[in-house]
Amino acid sequence: MERGAVPVRTLLVWCPDWPVIAAEIVDGVPATGPVAVLHANRVLACSEAARREGVRRGLRKREAQSRCPNLVTVEHDPGRDVRAFEPVVAAVEEVAAGVEVLRPGVCAVAARGPARYFGGEEQAAERIVEQIAQSCEVESQVGIADGVFAAGLAARAGRIIPPGETVRFLADQPVEALARPRLTDLLRRLGLRTLADFAALPAGDVLTRFGFDAALAHRLAAGRDHRPLAARRPPPDLDVTETYDEPLDRVDAAAFAARALAERLHDTLAGYGLACTRLGIEAVTANGQELHRVWRHDGLLTAAAIADRVRWQLDGWISGTNRRPGSAGRPAPPRPTAGIIRLRLIPAGVLAQAGLQPGLWGETGEERERAHRALSRVQGILGPESVVTAVLGGGRSPADQTRLVPWGDERLPARPTAAPWPGRLPSPAPAIVLPVPLPATVHDSTGQPVQVTARLQVSAAPARLTVGPATPVEIVGWAGPWPVDERWWAPAEAQRRARFQVSLANGGALLLCLTGGQWSVEAIYD
């Protein structure tokens, strides 16, 4: 960087006590009361009410609570701070382009554009503060100066430093403004109290004596902060929408509309170097009814593939007159009550167009694509629940470990697989898990029912199994019991059971369960 370069005129937005405000926005902790956000057992930020009680940054938790007995403490969550700050950045982007997020609670923009548009720097600052207050109900302060560092200090005072006056403004600031505690302590011990004192030192001596970071701080103290703003690019609006004067109530008209809209979406994504992997389809009827469906794909959706899925979905909505209720009494998918007047395509999942390539051995090849098209076609006619696949997850019993998800949906297990799951059955897993267990009886060699005591003692070795009205079958091998004692802390939901693996004389192998003195067949081994 050239020594004589002029720092960029910067408008910086600062939201005071942002970790506290973020805790209020996300977790509902009232920021009007005494609140402290802790990190490593020390106060990272605190509310105004807490400061009035003597709480300060850097205090240990116990010291802060001794100063303010009714202090509410919250653990620091950087993710929470970022999520809560995103609407603020979006609000600034509505009135000023090229926003850079410095950290949660602080963002900056080149002042030249907003100042010209709103008629001056002061008017631009007032407009941005008003925009944040109206959109997010968040208080903010704006500072304008030459350079990001000086603008940050000006924002804390709510000042606009005139052009060319930034060095004079920085000169009176204490060295603590550098936000480098170790360097600040050293400078204080050397008798350097202000940024002007620090800036007066030769730059080469600062680098040699204090290191590279101190040399950077020395440049800031001298007002030579001219790092260009790394402006954030607002996410593009990729959705495409079409409104129809004549409602779409025929499949052929809907198919024509679908292809035109699909090509528009594909061209929009291609302009950004993106491709779609998950497509949202929304339709609004003349009666105001809203329909929505998400299609997922394990490859890149081409223009033809997008058009096919939109056409299938519209065909399923419009002509699905013979739909049947889903299994287990699920209602049939909704169908339009009138013709469709508005259609919207939403690329819910996108990636770089070169980010996914077809597989060489069929992972995303032609055979898989044909199967995907066929199953998706069935879903478009009968609804998403008409085609399901099994997903394995955690659990103690085979029924707990399986989950059926619609074809194309994300295959996420219902229960975490990494959990230890005490009482889980050992391998091998059964081949068939019965949706409804079959009642059974188990007897020992003398004909007495086999029971299990509270201490998991089996009354006698299982010898014969009878399933329903069938003929008894001899048990030639067994293992167990594997106990399960679930939700014992909630009597209304508590369940105790013992499982057995048995092999039968006819070659079969079953998983049996004893609950409340009643035997049942839960699964069948292959």
Side-chain angles (χ1 to χ4, degrees), residues 326-328 371 375 385-407 411-488 493-526:
S327 61
L375 297 177
E385 301 291 339
S386 61
V387 182
V388 295
T389 59
V391 179
L392 292 178
R396 296 181 177 87
S397 66
D400 296 335
Q401 297 171 31
T402 57
R403 172 176 175 253
L404 297 179
V405 299
W407 172 261
R411 296 171 53 82
L412 298 176
R415 300 164 181 252
T417 56
W421 297 111
R424 182 171 182 171
L425 290 172
S427 299
I432 300 174
V433 179
L434 302 177
V436 179
L438 300 177
T441 56
V442 178
H443 295 87
D444 59 18
S445 58
T446 64
Q448 296 298 318
V450 176
Q451 298 294 333
V452 178
T453 67
R455 295 182 176 274
L456 301 177
Q457 298 294 323
V458 183
S459 60
R464 287 189 301 276
L465 169 68
T466 305
V467 180
T471 303
V473 181
E474 182 181 359
I475 298 175
V476 296
W478 62 279
W482 285 279
V484 172
D485 190 359
E486 295 179 311
R487 304 190 67 82
W488 48 266
E493 304 174 8
Q495 185 180 35
R496 298 187 65 186
R497 50 186 170 157
R499 284 85 45 82
F500 290 79
Q501 293 171 328
V502 298
S503 56
L504 307 177
N506 58 11
L510 305 175
L511 175 64
L512 305 182
C513 179
L514 177 62
T515 305
Q518 176 61 52
W519 289 89
S520 61
V521 180
E522 282 194 341
I524 302 172
Y525 290 92
D526 191 352

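Here, residue 1 is the first one in the sequence, and each next residue gets the next number. No experiment lies behind these values; they were computed from the predicted model shown.
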Peer 1: Are the side chains of Leu511 and Val521 in contact, using a 4.5 Å heavy-atom criterion?
Peer 2: no

Peer 1: With the side chain counted from C-beta on, respond yes when Arg464 and Val442 share a heavy-atom pair under 4.5 Å apart, and no when they do not.
Peer 2: no

Peer 1: Mind listing the closest non-hydrogen atom pair of Val473 and Ala505 along with its distance?
Peer 2: CG1-N, 4.1 Å

Peer 1: Any chance CG of Asn506 has more than 12 other-residue heavy atoms, nucleotides or ligands included, within less than 6.0 Å?
Peer 2: yes

Peer 1: At their closest point, which heavy atom of Pro483 faces which heavy atom of Arg499, and how far apart are they?
Peer 2: O-NH2, 4.2 Å

Peer 1: Are Gln518 and Arg497 packed together at the side-chain level, in the sense that at least one heavy-atom pair is separated by less than 4.5 angstrom?
Peer 2: no

Peer 1: Can we call the ring centroids of Trp482 and Phe500 under 6.0 Å apart?
Peer 2: no

Peer 1: Checking Ile432 against Asp526 for the side chain to side chain contact (heavy atoms under 4.5 Å, CB included) test, could you report, in this order, the C-alpha distance in whole Å, the side-chain angles of both residues, the deciding distance, and whether it holds?
Peer 2: CA-CA 8 Å; Ile432 300 174; Asp526 191 352; over 6 Å; no

Peer 1: On a heavy-atom basis, which atom in Pro462 and which in Val450 lie closest, and how many Å separate them?
Peer 2: CA-CG2, 4.0 Å

Peer 1: Kindly indicate whether the side chain of Thr441, heavy atoms from C-beta on, has any atom under 4.5 Å from the side chain of Trp519.
Peer 2: no

Peer 1: Is the side chain of Ser503 donor-acceptor paired with the backbone N or O of Gly477 at a distance under 3.5 Å, no angle test?
Peer 2: yes

Peer 1: Do Ile524 and Val433 have side chains that get closer than 4.5 Å, going by heavy atoms?
Peer 2: no

Peer 1: Nearest 0.5 Å please: distance from the NE2 atom of His443 over to the OG1 atom of Thr466.
Peer 2: 6.5 Å

Peer 1: CG/Leu456 to CZ/Arg496 distance, rounded to the nearest 0.5 angstrom?
Peer 2: 7.0 Å

Peer 1: Using side-chain heavy atoms (C-beta onward) and a distance below 4.5 Å, is Pro439 in contact with Ser520?
Peer 2: no

Peer 1: List the atom of Pro481, the atom of Ala498, and the distance in Å for their closest heavy-atom pair.
Peer 2: CB-CB, 3.9 Å

Peer 1: Quick one: do Leu504 and Ile475 satisfy side chain to side chain contact (heavy atoms under 4.5 Å, CB included)? Show the steps, please.
Peer 2: CA-CA 5 Å; Leu504 307 177; Ile475 298 175; 4.0 Å; yes

